[in-house]
Amino acid sequence: MEIWRRTKAMFGARGVPEGMDDRVPAGQYVTPKQPVMNMGFSPHLGTDAWSLEVIGLVENPIVLRWADFEALAQQQEVADFHCVTQWTRLNVGWEGVPVTTVLDIARPKPEARHVMFHCADGYSTNVDLDALRSPDVLFAHRMDGRPLEVGHGYPVRVVIPARYGWKSAKWVTGVDLMAEDRPGFWEMNGYHMRGAPWREERFSHA
Ligand SMILES: Nc1nc2c(c(=O)[nH]1)N[C@H]1C(S)=C(S)[C@@H](COP(=O)(O)O)O[C@H]1N2
Ligand SMILES: [Mo]
């Protein structure tokens with residue numbers, strides 16, 4: 001793989017820069033440039049066409065249009081990104097709306113325990129609601145100081161630093177709150193239901 005060859009050239013055989021071992025989970029290597037990882041195609045979705053629907057087990061189902069979303073308090077953060085195909089990118093800069101802000105508006109019912117994200121490319125992925133309550137989980141619209149590139153999820157994507165990258169849904173348009181866990185696109189194809197990189201939860205063995 002081309003990235004791996006370049007990484008080894010930069011960072012040595014283990015693919016981890018010096019002093020960064022505690023930032024890189026087992027089985028990962030560091031890549032200097034974030035690849036675009038798509039199931040299929042990159043939908044071209046303008047801010048006018050985009051909306052975010054929050055449905056399922058919520059007291060207040062909502063549809064946020066771009067203007068509503070932009071008006072919510074924004075947060076910036078720097079976080080590491082771990083893809084299950086073994087690349088890790090350190091210090092990715094993100095800006096967006098904390099997912100907790102949107103959940104506070106929609107008000108999950110007490111029986112809601114899991115979420116399915118739905119995306120404009122037909123992709124879906126499931127995440128446990130507790131993980132989404134972490135303050136570093138964002139609906140992001142800027143990456144490294146610029147609006148998201150189309151390939152990285154323009155106009156809005158999810159970012160969940162404590163999960164492998166496949167849970168960070170790009171071109172996100174829907175959030176469905178559920179009582180029971182259900183598999184999304186990759187989870188139906190053998191990926192782990194939770195997918196925590198520090199536990200190396202890559203695949204389910206059920
Ligand atoms: N809608 C959608 N979201 C997606 C994907 C996808 O194919 N479609 N790929 C996932 C995978 S496997 C990873 S690693 C990250 C990659 O994000 P990036 O393309 O910005 O590097 O997006 C995730 N989110
Ligand atoms: Mo990935």
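In listed order, ligands and their atoms are each counted from 1.
Of the listed residues (S168, G151, C83), the one carrying the non-hydrogen atom nearest atom 24 (N) of ligand 1 is S168. Distances from atom 4 (C) of ligand 1 to the heavy atoms of H152, R157, K170 show the closest one on K170. The option with the heavy atom closest to atom 13 (C) of ligand 1, from among G165, G184, G153, is G165.
Each of the atoms 6 (C), 7 (O) of ligand 1 lies under 4.0 Å from some heavy atom of M39. The contact set between ligand 1 and N38, taken as ligand atoms under 4.0 Å from a residue heavy atom, comprises 7 (O). Numbered from 1 in the order shown, with element, the atoms of ligand 1 that lie under 4.0 Å from a heavy atom of W171 read 1 (N), 2 (C), 8 (N). If you number the atoms of ligand 1 from 1 as listed, the ones under 4.0 Å from a heavy atom of C119 come out as 1 (N). Close contacts between ligand 1 and V36 involve ligand atoms 19 (O) [criterion: under 4.0 Å to a heavy atom]. Every atom of ligand 1 is numbered from 1 in the order shown, and the set under 4.0 Å from a heavy atom of P35 is 18 (P), 19 (O), 21 (O).
The protein heavy atom nearest to atom 12 (S) of ligand 1 is W166 CB, 3.6 Å. When hydrogens are left out, the protein atom nearest atom 16 (C) of ligand 1 is M37 CB, 3.7 Å; that is the closest non-hydrogen contact.
Checking Q86 against Q28 by side-chain atom types alone, no donor-acceptor pair falls below 3.5 Å. Side-chain contact annotation: H141 with E70, donor-acceptor N/O pair under 3.5 Å absent. A donor-acceptor contact closer than 3.5 angstrom links the side chains of T88 and H82.
For the side chain to side chain contact (heavy atoms under 4.5 Å, CB included) with K170, the qualifying choice from L148, D121, V36 is V36, the only one to do so.
Salt bridge status for K167 with E187: present, with a side-chain N to carboxylate O gap under 4.0 Å.
Around CD of E59, the count of heavy atoms belonging to other residues, nucleotides or ligands within 6.0 Å exceeds 12.
Residue contacts with ligand 1, taken as heavy atom pairs separated by less than 4.0 Å, involve Q34 solely via side-chain atoms from C-beta onward. Only the side chain of Y123 comes within 4.0 Å of ligand 1, judged by heavy-atom distances.
Between Y164 and W166, the ring planes are parallel. Angles under 30° get that label, and only those over 60° would be called perpendicular. Using a 30° and 60° split on the angle between ring planes, F203 and Y191 fall in the perpendicular class, above 60°.
Within the structure, ligand 1 has W87 among the residues with a heavy atom less than 4.0 angstrom away.
When atom types are taken as modelled, the side chain of S168 and the backbone of I160 share a donor-acceptor pair closer than 3.5 angstrom.
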